[in-house]
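Beneath this line is the structure, given in structure tokens, with notes to follow.
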Amino acid sequence: MALVVRRPQLKWWEKIYLPVIAKGLVITMRHFIRTLTGRTKVTMQYPEEKWNDQLPEHYRGAPALVTDEQDRERCVACQLCEFICPPRAITIIPEEIPSEDKWAKVEKRPRAFNIDMIRCIYCGLCEEVCPEQAIFLRKDYAITGESRAEMVHDKARLYEIGGRRVGLVNKWNDLK
Amino acid sequence: MDFIALAISAVKIVGLVFLVIMPMVAYAVWAERRVSALIQDRVGPNRVGFQGLLQPVADGLKFILKEDFTPKNVRTGYYWLAPALTMVPALLTCAVLPFGSQLFGEPMVIANLNAGPLFIFAIASLSVYGIVLAGWASNSKYPFLGGVRSTSQMISYEISLGLSIIPVLMILGDLNLGRMVQDQSVNGWLMLPLWGDRFSLKGLLLLVPVVISFVVFTVSMFAETNRLPFDLPECETELVAGYHTEYSSMKFALFFLGEYAAMIIGSGLAVTLFFGGWSLPFGWLSWDGKADLPWWQGLIHMATFFGKVVVFILFFIWVRWSLPRFRFDQLMRLGLVFFFEIAVINIILTAGIMMLVK
């Protein structure tokens, strides 16, 4: 059975067409005035207004390394994050901690820890896999640079972003 | 003596075209983008300069710096001629528009022709050749379709455009645009006959045909300038960009600017014919063309004219972002079946009112 599409029965003022145009013009004028007087919410004006205070707690921004309350680097260069990183953005060169060092019993630390921020997909697997709770995804989102080399975050930069993480850090608790 | 007259004309041409019309075209584009954005709940370009006011400069620079690419298979001569043929008629028509009353004893019109509206229609009908040539010379199917559509559209709407102003000419009894404005300045605008001679039974009765002819004129003007809801020659959803698909850089910009210049001249003509050109409402600072005017009054008249034109351009933009595009058969039906007949009946109606009501 064929489907009969009912055409709407137009009233006489709809057939003249001009009143309907006027109606449409009123609608667009209403939008115009509402936007002009700022009653309609429009796009965030990005460089002037920032996301910072509107980011959710679970936001996954740039990954960064943290130190503990005694300023020891938490990373023990186990390389689990390097292996799990899906785009292979992390490169770690481990080194042994010399025996005269205060933290010699930790045995290992990264000599170089590079994260290629061009590759990073902000998936957070590195944070999830880290047994030492040394790498966290912070809220930094505007990672820019003028060259590829600049976009590779080395160890110093990663600690600069990460900073110090004190107290009992349990990565499954609310305090991230 | 002749030299002085020529120099004054040259100053008027340069002043009007390069200091007024061209910046108005540039800022019409800016206004188009900002107003459309506000209508669609967006912000629009607001980065270059305060509130994006330098955006036209950036756009112009971009057009100049872009590669001027001529495709291999085009008819080069016609292809190069077409953009000029859209831009030049649009600017030529501003010669007869009275953009002010009088400044330092000089009438503020470039050419004080006794056949103003006829001149405008004669020249404006040339601009169809720009689009047609662009369509044919591009040697590509989309420009071709755009050119074909444009031809039939512009030719059919020229009929109703020409017929729609005949009631105006009958009421004012003159073909000189300057004197038409002077008449309206003293005796009341055609669309607002609330003072002078027109504030009478006859004048108010004549408002009916004047409003009809204003509607027909405005809609035909939209069609003539290829503005939405009649932008079928461009029609980006069907024809890529219509007749200027194959154009780039400054040649494309000429089409673009020509469209906006035509829009400004069309607004100027509508303002001149129906809203009393440079005159203020209710006979304030009216001028019958006899005595000399002080310079400040001339400046006020010029400002009034351009203010009215700006309002009309904003109306153009407002309509563009409110209405969807017509289907082609609807467009032709509207032009040839409705507007043509309405315009003809309107002439008879005007003649009847003028004959019967004293």
Side-chain angles (χ1 to χ4, degrees), chain A residues 2-56 59 61 117-118 139-147 150-151, chain B residues 31-52 164 208 211-223 227-230 311-327 330-331 333-335 337-339 341-342 345-346:
Chain A
L3 181 72
V4 179
V5 180
R6 283 273 162 80
R7 295 279 173 188
Q9 286 288 318
L10 294 182
K11 307 277 187 326
W12 65 269
W13 74 82
E14 285 165 334
K15 280 182 183 162
I16 314 176
Y17 201 65
L18 281 176
V20 193
I21 287 180
K23 213 164 136 188
L25 288 177
V26 168
I27 290 173
T28 45
M29 181 49 87
R30 199 183 302 143
H31 275 267
F32 176 78
I33 291 170
R34 285 184 70 89
T35 319
L36 192 66
T37 52
R39 272 181 292 168
T40 306
K41 204 174 173 188
V42 291
T43 322
M44 173 191 284
Q45 297 297 300
Y46 169 64
E48 287 89 33
E49 299 168 36
K50 294 277 191 187
W51 272 106
N52 299 351
D53 51 343
Q54 294 171 48
L55 291 175
Y59 186 79
M117 292 312 293
I118 302 174
K139 286 184 180 178
D140 304 61
Y141 54 87
I143 311 294
T144 53
E146 286 175 357
S147 62
E150 223 175 292
M151 290 298 286
Chain B
E32 173 101 56
R33 294 171 69 179
R34 287 310 299 264
V35 171
S36 71
L38 288 176
I39 284 176
Q40 297 168 349
D41 300 348
R42 297 184 286 119
V43 184
N46 62 349
R47 293 285 136 175
V48 195
F50 175 71
Q51 289 294 315
S164 67
V208 177
V211 167
I212 293 174
S213 87
F214 174 67
V215 170
V216 175
F217 179 84
T218 313
V219 175
S220 305
M221 188 58 88
F222 276 98
R227 294 278 299 179
L228 235 134
F230 305 110
V311 170
F312 219 84
I313 289 168
L314 290 176
F315 175 70
F316 261 78
I317 294 170
W318 179 25
V319 167
R320 173 173 180 177
W321 297 99
S322 300
L323 302 182
R325 184 183 301 129
F326 275 67
R327 218 168 53 207
Q330 290 172 334
L331 173 88
R333 206 165 106 93
L334 186 72
V337 178
F338 293 114
F339 281 172
E341 273 74 358
I342 289 175
I345 292 169
N346 200 24

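Residue numbering restarts at 1 for every chain, and letters A, B, ... go by the order of the sequence lines.
If you tally non-hydrogen atom pairs under 4.5 Å between each of T43(A), I21(A), L18(A) and chain B, the highest count goes to I21(A).
Residue contact with chain A, scored on non-hydrogen atoms closer than 4.5 Å, is absent for V219(B). Using a 4.5 Å cut-off between heavy atoms, W321(B) touches chain A through its backbone atoms (N, CA, C, O) alone.
Contacts between residues 36-46 of chain B and chain A, counted as heavy-atom pairs separated by less than 4.5 Å, involve L38(B), I39(B), D41(B), R42(B), V43(B), N46(B).
In this structure the side chain of K50(A) reaches within 4.5 angstrom of the side chain of Y141(A), judged on heavy atoms.
Going from atom CZ of F217(B) over to atom CG of N346(B) covers 13.5 Å, rounded to the nearest 0.5 Å. Atom-to-atom distance recorded for R333(B):CZ and R327(B):CZ is 9.5 Å, nearest 0.5 angstrom.
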- Message: If you apply the rule side-chain hydrogen bond (donor to acceptor under 3.5 Å, both in side chains), what do you find for Q45(A) with R47(B), and how did you get there?
- Response: CA-CA 10 Å; Q45(A) 297 297 300; R47(B) 293 285 136 175; 2.8 Å; yes
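Between R30(A) and the choices I33(A), V26(A), T28(A), the side-chain contact (heavy atoms from CB on, under 4.5 Å) rule is met once, by V26(A).
Heavy atoms from other residues, nucleotides or ligands lying under 6.0 Å from CD of E48(A) number more than 12.
Ring planes of F316(B) and F312(B): tilted class, angle from 30 to 60°.
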